[in-house]
Amino acid sequence: MPAARESLLDAAFTALAERPWAGVRMVDVAMAAGVSRQTLYNEFGSKDGLARALVRREAEAYLTGVERALSGGSGAAAPNERLAAAAGWTVRAAAANPLVRAVLTGCWNERLPSPVRTAARPPRRGGGPDPLPSPVELLGQVRDRAVRLLAGDWPEDGAAELGRACETAARLALSYVVAPVAEEREESEVESLVRGALA
């Protein structure tokens, strides 16, 4: 039931924008998605299962955006430009989505679902819960994807340098997520810093 699953996740995300996660009711999420509450429980097992799936979806959407930025429109842009674009995307995504910001920083507040499983019962589908990525793991995924997507445009003898460049760009972007500057210039500023650091 992929369509119902996405509708439920969309409804949960919308509800989270309107009220703290503690105030989000499963019956309201099901109603907003146009499915029964039983369908919601069958799909996610519990409110914790729904929260985990929602956070995982937003983290995956963020990583997809990173890959899109790193692809640089068919790879025509230089690697440092593509890393700068990925850094800019990171800052934009974290500013626009509190779940992405929380996963990147590990800073969860009372408005967001808890990143730790609290229910005694595992979700009914797919066995036990998969742990959510930690900020370190997510940063590692960004770095690894960047290395994979840029390797073909990087000098063959510079593999270690590529890894460091990708790590540097990801960490610079994360610093702007943790300690933002004036909103209208943070994206261009982080992109400029990444370009300069990798020139």
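What you are looking at is a predicted structure, and each value in this text was computed from that prediction instead of being measured. Starting from 1, each residue takes its place in the sequence as its number.
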For this session: Flag the pair V29 / F13 as yes when at least one side-chain heavy-atom distance between them is below 4.5 Å, and no otherwise.
Result: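 No, their side chains stay 4.5 Å or more apart.
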For this session: Could you tell me whether the side chain of R111 reaches within less than 4.5 Å of the side chain of W21, counting heavy atoms only?
Result: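 A side-chain contact is absent here, since even the closest heavy-atom pair is not under 4.5 Å.
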How close do [X] and [Y] get, heavy atom to heavy atom, and via which atoms?
X: P79; Y: D153; answer: CG-O, 3.6 Å
X: L99; Y: P113; answer: CD2-CD, 3.9 Å
X: V103; Y: P133; answer: CG1-O, 4.2 Å
X: A53; Y: R5; answer: CB-NH2, 3.7 Å
X: L162; Y: A151; answer: CD2-CA, 3.7 Å
X: W154; Y: A165; answer: CH2-CB, 3.9 Å

For this session: Given side-chain hydrogen bond (donor to acceptor under 3.5 Å, both in side chains), test Y41 with S36 step by step and report yes or no.
Result: CA-CA 9 Å; Y41 281 102; S36 70; over 6 Å; no
For this session: Report whether V66 and V147 are members of the same hydrophobic cluster (ILVMFWY, side-chain heavy atoms less than 4.5 Å apart, transitive linking).
Result: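 Yes.
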Exercise. Is V194 linked to L139 within one hydrophobic cluster, defined over Ile, Leu, Val, Met, Phe, Trp and Tyr using a side-chain heavy-atom separation of less than 4.5 Å?
Worked result: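 Each belongs to a different hydrophobic cluster.
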Tell me whether [X] contacts the main-chain N or O of [Y] through its side chain, where contact means a donor paired with an acceptor under 3.5 Å.
X: W89; Y: Y62; result: yes
X: R82; Y: L149; result: yes
X: E18; Y: A15; result: no
X: T39; Y: V35; result: no
X: S175; Y: L172; result: yes

For this session: Kindly check if the number of other-residue, nucleotide or ligand heavy atoms within 6.0 Å of CZ (R148) is above 12?
Result: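 Yes, CZ of R148 has more than 12 neighbouring heavy atoms, counting only those of other groups under 6.0 Å.
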Exercise. So with a 6.0 Å cut-off around CZ of R19, is the heavy-atom count from everything else above 12?
Worked result: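 Counting other residues, nucleotides and ligands, CZ of R19 exceeds 12 neighbours.
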Exercise. If you measure from the Lys or Arg side-chain nitrogens to the Asp or Glu carboxylate oxygens, is any gap between R57 and D10 under 4.0 Å?
Worked result: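 So R57 pairs with D10 through a salt bridge.
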Exercise. Are R101 and E58 within salt-bridge range, i.e. N to O under 4.0 Å?
Worked result: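 No, this pair does not count.
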Problem set entry | Matching residue for L104 among L138, N97, V142 - test: side chain to side chain contact (heavy atoms under 4.5 Å, CB included) |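 Among L138, N97, V142, the one meeting side chain to side chain contact (heavy atoms under 4.5 Å, CB included) with L104 is L138.
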Problem set entry | salt bridge (Lys or Arg N to Asp or Glu O under 4.0 Å) between R195 and E191, intermediate numbers included | CA-CA 6 Å; R195 281 187 205 98; E191 288 178 3; 3.6 Å; yes
